[in-house]
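Here's the structure we're looking at; comments come further down.
By convention in this document, chain letters (A, B, ...) are assigned in the order of the sequence lines, proteins followed by strands, and residues within each chain are numbered from 1. Predicted, not measured: the structure shown is a model, and the values here were computed from it.
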Amino acid sequence: MSRAALFVIETSARILRANERDGVLGDLAEVGAGPLRSFCAIFGLLARQHAEHWRDWRPWLAGGVALPASLLLLGVSFGISMNSRALLEGDSAHIGFPFLFEVLLLVTWSWTSGFLIGSLSGHTLWVSALLSSIPCLSCVFRFREPSLSRICVLLFLIPGLLGVLHGRRLRHVPFTAALIIAATVTGLMLAWNEMHLCEWPLVLPAWFLVAAADKFRNRREELPSC
Amino acid sequence: MREELDKTRHYNYDVEYIVLGEFEYILLTVTAGLGDQAYGAAIRESIVKTAGRNCSIGALYTTIERLETKGLLTTWMGEATPQRGGRAKRMVRVTPEGAQAARDFYETMLRVSRNAAWASCEPESTL
């Protein structure tokens with residue numbers, strides 16, 4: 001194998017984990033694989049490793065939540081921006097539901113959706129991020145409201161990203177906390193008479209966190225201690 | 001190590017019967033057969049020879065990883081040899097859980113094949 005080919009192979013193998021890299025490159029050297037075969041083997045392994053993540057249902061659910069949740073939260077962010085503008089202009093007549101409750105709902109919806117995506121995505125987080133960025137970018141670039149900044153439709157991003165970070169780190173919310181969050185969100189949604197029917201699915205991540213916390217709690221009780 | 005054990009037990013905590021795929025069974029059997037000499041290239045060569053099927057490095061290593069996550073295999077880095085360009089071998093060993101899963105798979109295949117014409121050694125049986 002030429003030096004250039006060896007360099008390309010070694011560089012592409014850097015994507016693999018250290019112990020895996022040694023095993024794979026050693027195996028290829030042992031069977032005397034050529035540059036093309038080695039290259040195909042490394043990228044074949046990477047492709048299979050990524051495909052392996054999709055054997056589980058969790059990345060599918062995370063991706064399935066990322067796209068519709070972003071779409072809905074974009075609309076809610078826009079509504080809150082319009083209401084905040086009206087509030088700043090002293091026109092509170094059009095604001096039926098207390099403004100702070102709307103903001104609280106937006107923050108909780110975003111955080112719970114983000115938490116669900118972060119805890120379920122694992123190595124496929126980039127796919128979920130891509131799916132949620134498609135409607136965001138599309139909306140920002142097509143935004144035509146002169147009195148508002150384009151960024152106002154992305155109000156959900158900060159609590160959403162915090163949720164993703166917490167989800168990746170914690171994996172589970174304590175059961176009581178999850179129950180309080182889900183009950184509060186549902187109560188606020190029931191109290192909000194003018195809420196669109198299409199926004200109701202945003203309650204699902206909160207109740208999913210309750211179910212996951214309950215399952216995790218039961219599992220810990222079942223496992224004997226080491 | 002303890003974390004690994006917890007992870008493994010956690011993964012299989014509610015699984016009474018680990019179901020193997022055909023390739024997973026082949027890999028476990030070949031690995032068990034190679035004993036202390038079981039590592040990537042040797043397993044691959046043995047699969048090609050005994051099972052008569054092609055086995056890519058990608059298929060081999062992703063299956064090893066999957067079986068390791070299920071607690072059916074353990075891997076560790078072995079010695080480096082000049083033949084391998086100074087690279088270490090990724091050694092593989094079947095765990096007792098892996099041996100049990102392979103035995104279950106084998107017995108299931110024997111049971112379901114009992115009345116099949118191609119499984120019988122009787123001279124009068126024909127396909």
Side-chain angles (χ1 to χ4, degrees), chain A residues 1 3 5-7 9-10 12-56 58 122-123 171-172 212 215-226, chain B residues 1-16 19 21 23-24 37-49 54-70 73-92:
Chain A
M1 206 183 289
R3 273 190 185 178
L6 199 66
F7 175 76
I9 300 299
E10 297 253 350
S12 52
R14 280 180 189 278
I15 313 167
L16 302 172
R17 286 191 299 270
N19 60 344
E20 205 171 56
R21 188 164 59 231
D22 259 19
V24 170
L25 290 178
D27 285 357
L28 290 169
E30 198 174 318
V31 296
L36 185 66
R37 199 175 146 202
S38 304
F39 199 73
C40 290
I42 290 164
F43 281 93
L45 174 59
L46 282 170
R48 277 176 180 274
Q49 277 178 341
H50 194 76
E52 192 75 8
H53 301 312
W54 294 94
R55 289 168 68 98
D56 198 1
R58 291 174 184 87
H123 293 283
R171 302 281 171 196
H172 299 279
K215 195 177 175 192
F216 184 65
R217 190 178 60 168
N218 293 337
R219 186 179 294 185
R220 277 177 60 175
E221 283 166 8
E222 279 173 21
L223 281 176
S225 57
C226 258
Chain B
M1 185 64 189
R2 178 179 167 144
E3 197 178 297
E4 278 301 308
L5 282 174
D6 282 351
K7 195 173 114 187
T8 301
R9 205 168 52 178
H10 198 79
Y11 189 92
N12 295 327
Y13 90 100
D14 56 354
V15 181
E16 284 178 24
V19 181
F23 187 66
E24 289 175 335
Q37 300 302 312
Y39 68 96
I43 296 172
R44 232 179 114 216
E45 194 188 334
S46 187
I47 288 174
V48 173
K49 269 187 193 163
N54 192 24
C55 170
S56 69
I57 281 192
L60 179 76
Y61 279 97
T62 44
T63 312
I64 287 175
E65 214 167 283
R66 195 187 317 134
L67 292 175
E68 193 175 17
T69 313
K70 288 181 183 177
L73 285 179
T74 49
T75 67
W76 71 100
M77 295 314 288
E79 63 190 45
T81 61
Q83 189 196 9
R84 296 172 55 83
R87 303 275 182 187
K89 292 173 179 173
R90 190 173 176 186
M91 307 303 293
V92 186

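With a 4.5 Å cut-off on non-hydrogen atoms, E45(B) does not touch chain A at all. With a 4.5 Å cut-off on non-hydrogen atoms, A80(B) does not touch chain A at all.
Checked by atom type and distance alone, the side chain of R48(A) never pairs as donor or acceptor with a backbone atom of L60(B) at under 3.5 Å.
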**Q.** Derivation of the salt bridge (charged side-chain N to carboxylate O under 4.0 Å, His left out) call for E10(A) and R87(B)
**A.** CA-CA 12 Å; E10(A) 297 253 350; R87(B) 303 275 182 187; 2.8 Å; yes

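No other option in M91(B), K89(B), Q83(B) has as many heavy-atom pairs under 4.5 Å with chain A as Q83(B). Of the listed residues (D22(A), L46(A), V31(A), I42(A)), the greatest number of heavy-atom pairs within a distance under 4.5 Å of chain B belongs to D22(A). Among T75(B), I64(B), T62(B), the residue with the largest count of heavy-atom pairs under 4.5 Å with chain A is T62(B).
Heavy-atom contacts from other residues, nucleotides or ligands closer than 6.0 Å to CZ of F7(A) number 12 or fewer.
Considering only heavy atoms from C-beta on, R17(A) comes within 4.5 Å of E65(B) through its side chain. Side-chain contact between L16(A) and Y61(B) is absent, with no heavy atoms from C-beta onward closer than 4.5 Å. Between D27(A) and R44(B), every side-chain heavy-atom pair lies at or beyond the 4.5 Å cut-off. Side-chain contact between R66(B) and E52(A) is present, with heavy atoms from C-beta onward closer than 4.5 Å.
Qualifying ring-ring contact (aromatic ring centres under 6.0 Å, His included) partners for H53(A), counting only residues two or more places apart in sequence or in other chains: H50(A), H123(A).
Taking all atoms of both residues into account, the shortest heavy-atom contact from A29(A) to G85(B) is CB-N, 4.3 Å. Of all heavy-atom pairs spanning V24(A) and I57(B), the tightest one is CG1-CG2, 4.1 Å.
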